[in-house]
2 protein chains.
Amino acid sequence: MKIVYIDHASATPVRPEVKEAMFPYFDKYFANPSTVYDIGTRIKKEVDAQREKVADLIGAKGGEIIFTSSGAEANNQALKGVALGYQKKGGHIIVSGIEHHSVLNSARFLERLDFEVTYLPVDGYGLVDPERLRKSIRPETTLVSIMHGNNEIGTIEPIAELSSVCKEKGILFHTDAVGTVGNIPVDVNDLGVDLLSLSAVSMCGPKGIGALYVREKTRVMPLIHGGIQERGRRAGTENVPGIMGLGKAAELAKGEVRGKMTQLQDLRDALRSGISKHISRVHFTGHTDQRLPGHLSMCFEAIEGEALTFILSQQGIYINTGSACASKALKTSPVLVAISVKPEVAQGSAVFTIGSANTHEDITYVINRLPRMVERLRSYSPLWQNGNAR
Amino acid sequence: MKIVYIDHASATPVRPEVKEAMFPYFDKYFANPSTVYDIGTRIKKEVDAQREKVADLIGAKGGEIIFTSSGAEANNQALKGVALGYQKKGGHIIVSGIEHHSVLNSARFLERLDFEVTYLPVDGYGLVDPERLRKSIRPETTLVSIMHGNNEIGTIEPIAELSSVCKEKGILFHTDAVGTVGNIPVDVNDLGVDLLSLSAVSMCGPKGIGALYVREKTRVMPLIHGGIQERGRRAGTENVPGIMGLGKAAELAKGEVRGKMTQLQDLRDALRSGISKHISRVHFTGHTDQRLPGHLSMCFEAIEGEALTFILSQQGIYINTGSACASKALKTSPVLVAISVKPEVAQGSAVFTIGSANTHEDITYVINRLPRMVERLRSYSPLWQNGNAR
């Protein structure tokens, strides 16, 4: 059976060049980079060379990159590390209501430690309004965290505009760019951000490795305390093979990202028009243009997203519903609630995230099968009768 | 040139069986284990099968294992996760003064959050006295953390005795067993511990993966907040290849640990007697018998440990000085200070950690070269004259 995997926001296969870059570091070059002898210092140099490659992809300097075990860890360190590092300045932070769970739950943890958190609402496209952000800033605000590209509805936030509101007031700005780095060009100076989270997975790098960009002179407390790895900002022996993989993936992404963007947009548009043409009562979610290139999200009326995901997988088509890494956590997606999708419509959420390996043939394969699947599920639904939602 | 690597506490080469277990999970089986479709749920099952293997190695249940990115992360979660999880019960914790940096610096972080910490002194062997522990317990004590095997001086603490003091009083007990799991038999019930940290590196597994054992019904707050991975106790997409590697390493360790222990002790004893015979003015540190099997540590008078490490590496001999993952952090080792080694003697610290790949030939190679190296360094030292320390 043909396999069409369109769930690249959840996971990606590691590309061959990346695997090749990693593999010697499991056993041939295995020494601890913190040791003082040659076989260790040589690895330390390699680790720092990868730091430069990651920095280079986002217009940063090597010393501004902290390697973490995931985008989620990077988000946790950004929120907690800045809130605690600047606690004497103030105890208020601002996040958008549609952030990834790792940002939202870090914010909730900070509330437990008596920080105050403002959860900014978004409009129907999922966009945060810079004026609204400006009004929510207080004298004691130390950090604003707004994600770059939303994993569930694909919307890309106007980060440069939002960060400039903060810069005026001397407030630090973090963006969760796990969905964007590797998928669109990202430059920390163009965006005007002080901290940025990224993950290798978005670049067909390995699981278990991510990074946090921290602008020079920005104080960030460690999340993992201990030794002086990562200049004292993240303890624990470096995941050397993972770092080699992330570095290689970043180097490749730098050269390919513009071409990839065009390719994915093209496939995405074909998928969107096929779905529009063949399926009724579908609500595309997120912004039409300001969105991740390979990302298409929608709600089908009168079906259950999880059921659709399941029956499509039986046809070899792999997609997602709701938020990628916590799909089992919640019945109604809080992101869809935030953009005012009615709960009964939100149930029918489907998220397609296209990767470079996908082809027009894949899209045609999906368009040839998806309408029948949706129809079949609707035929079981009490909400659906005679081809119309009740 | 012959290479004799005797720094297995710092890093280990990943063994072939472990690499083989990991590699298909980079690209062939790459789906996200949290997804609802077959290619994801199949991986979730594999992840849980590795959880069972890790549990099995230490006499625990699968559901009691949380995968982390390192031993350091496991230690951070144990300390912070329990202190914060039981904050309503009390705000006092106890650690020994010779813990790994990841425990000590987590404790210092908790002091910043207004917790009180008692740092227990140790005797000349590095041992914590159960009676002293008993006396330091207060009504508001919630957690005691004492490491199993010390990475710098090799001493194995009497964990069962120490934990029984805590059990009497209903206080949770954590042990950092990064140095012991894989090197000696470890059973959480024999030890009577509620939490235990381990790392794949001690078992010739990959870097970037560790685990925290948390006894059923023990509350531990996440260190990395976000999605519901690891039953809501550690967010972030699972490092599937790393988990597969740790599982395989644990499975192999289970069958091999007793044989390995005998082998390493034998090599260690040969190294110790060779050094005793050929080098004067050497102070072996840590306990003679209650110690990690492959671990030999000492201070040579009138030399600098870092210089010795360096010139030995030029002969292809790789050893360590001071604490493994933070050797550059400090000039005088706080562990050696804690066991009352004079600072001028502590400077000459050398740590040999033998692995299964080492042979008697390796030991002979070291014994044939080490005395000359020590002698050469001493000849440069103002503290040394005419073959005697001043």
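What you see is a predicted model; the values in this text were computed from it and never measured. Letters go in sequence order (proteins before strands), and every chain restarts at 1.
- Note on Y25(A), F109(A), F310(A), Y37(A): by heavy-atom pairs under 4.5 Å with chain B, the leading option is Y37(A).
- Proximity to chain A (any heavy atom under 4.5 Å) is shown, for R108(B), by neither the backbone nor the side chain.
- Residues D7(A) and S10(A) bring a donor and an acceptor atom of their side chains to less than 3.5 Å of each other.
- S199(A) does not touch chain B: none of its heavy atoms, backbone or side chain, sits under 4.5 Å away.
- Shown here for V117(A) and A107(A), the closest heavy-atom pair between the two residues is CG2-O, 3.6 Å.
- Between chain B and the residues L104(A), L113(A), T309(A), I39(A), the most heavy-atom pairs under 4.5 angstrom are made by I39(A).
- Side-chain contact, H174(A) with S145(A): a donor N or O sits under 3.5 Å from an acceptor N or O.
- The choice from I209(B), L312(B), I224(B) that makes the most heavy-atom pairs within less than 4.5 Å of chain A is I224(B).
- At a cut-off of 3.5 Å, with distance as the only test, no side-chain donor of Q229(A) or T237(A) sits close to an acceptor on the other residue.
- For chain A, no part of Y29(B) is nearby; none of its heavy atoms comes within less than 4.5 Å.
- Heavy atoms closer than 4.5 Å to chain B are found nowhere in K28(A), neither backbone nor side chain.
- The greatest number of non-hydrogen atom pairs below 4.5 Å with chain A, out of A235(B), P222(B), A72(B), is found for A72(B).
- Most heavy-atom pairs under 4.5 Å with chain A: of the set V14(B), N239(B), V240(B), N76(B), this distinction falls to N76(B).
- With a 6.0 Å cutoff to the six-membered ring centre and a 45° limit on the axis angle, K19(B) does not count as a cation-pi contact of F23(A).
- When the salt bridge (Lys or Arg N to Asp or Glu O under 4.0 Å) test is applied to K45(B), no partner is found at least two apart in sequence or on another chain.
- Proximity to chain B (any heavy atom under 4.5 Å) is shown, for Q77(A), by neither the backbone nor the side chain.
- T353(A) contributes a side-chain N or O that, together with a main-chain N or O of H8(A), makes up a donor-acceptor pair within less than 3.5 Å.
- The backbone N or O of L246(B) sits nowhere less than 3.5 Å from a side-chain atom of Q50(B) that would complete a donor-acceptor pair.
- Taking D38(B), D27(B), V18(B) one by one and counting their heavy-atom pairs under 4.5 Å with chain A, the maximum is reached by D27(B).
- Interface residue T12(B): only backbone heavy atoms are found under 4.5 Å from chain A.
- Under a 3.5 Å cut-off, the side chain of Y5(B) and the backbone N or O of I319(B) do not form any donor-acceptor pair.
- Both the backbone and the side chain of L84(B) come within contact range of chain A, judged by heavy atoms closer than 4.5 Å.
- In terms of non-hydrogen atom pairs under 4.5 Å with chain B, the most contact-rich of K80(A), E238(A), H225(A) is H225(A).
- Of all heavy-atom pairs between A74(B) and A211(B), the closest is CB-O, 3.5 Å.
- Here M221(B) is the residue among Q314(B), R234(B), M221(B), R15(B) with the most heavy-atom pairs under 4.5 Å with chain A.
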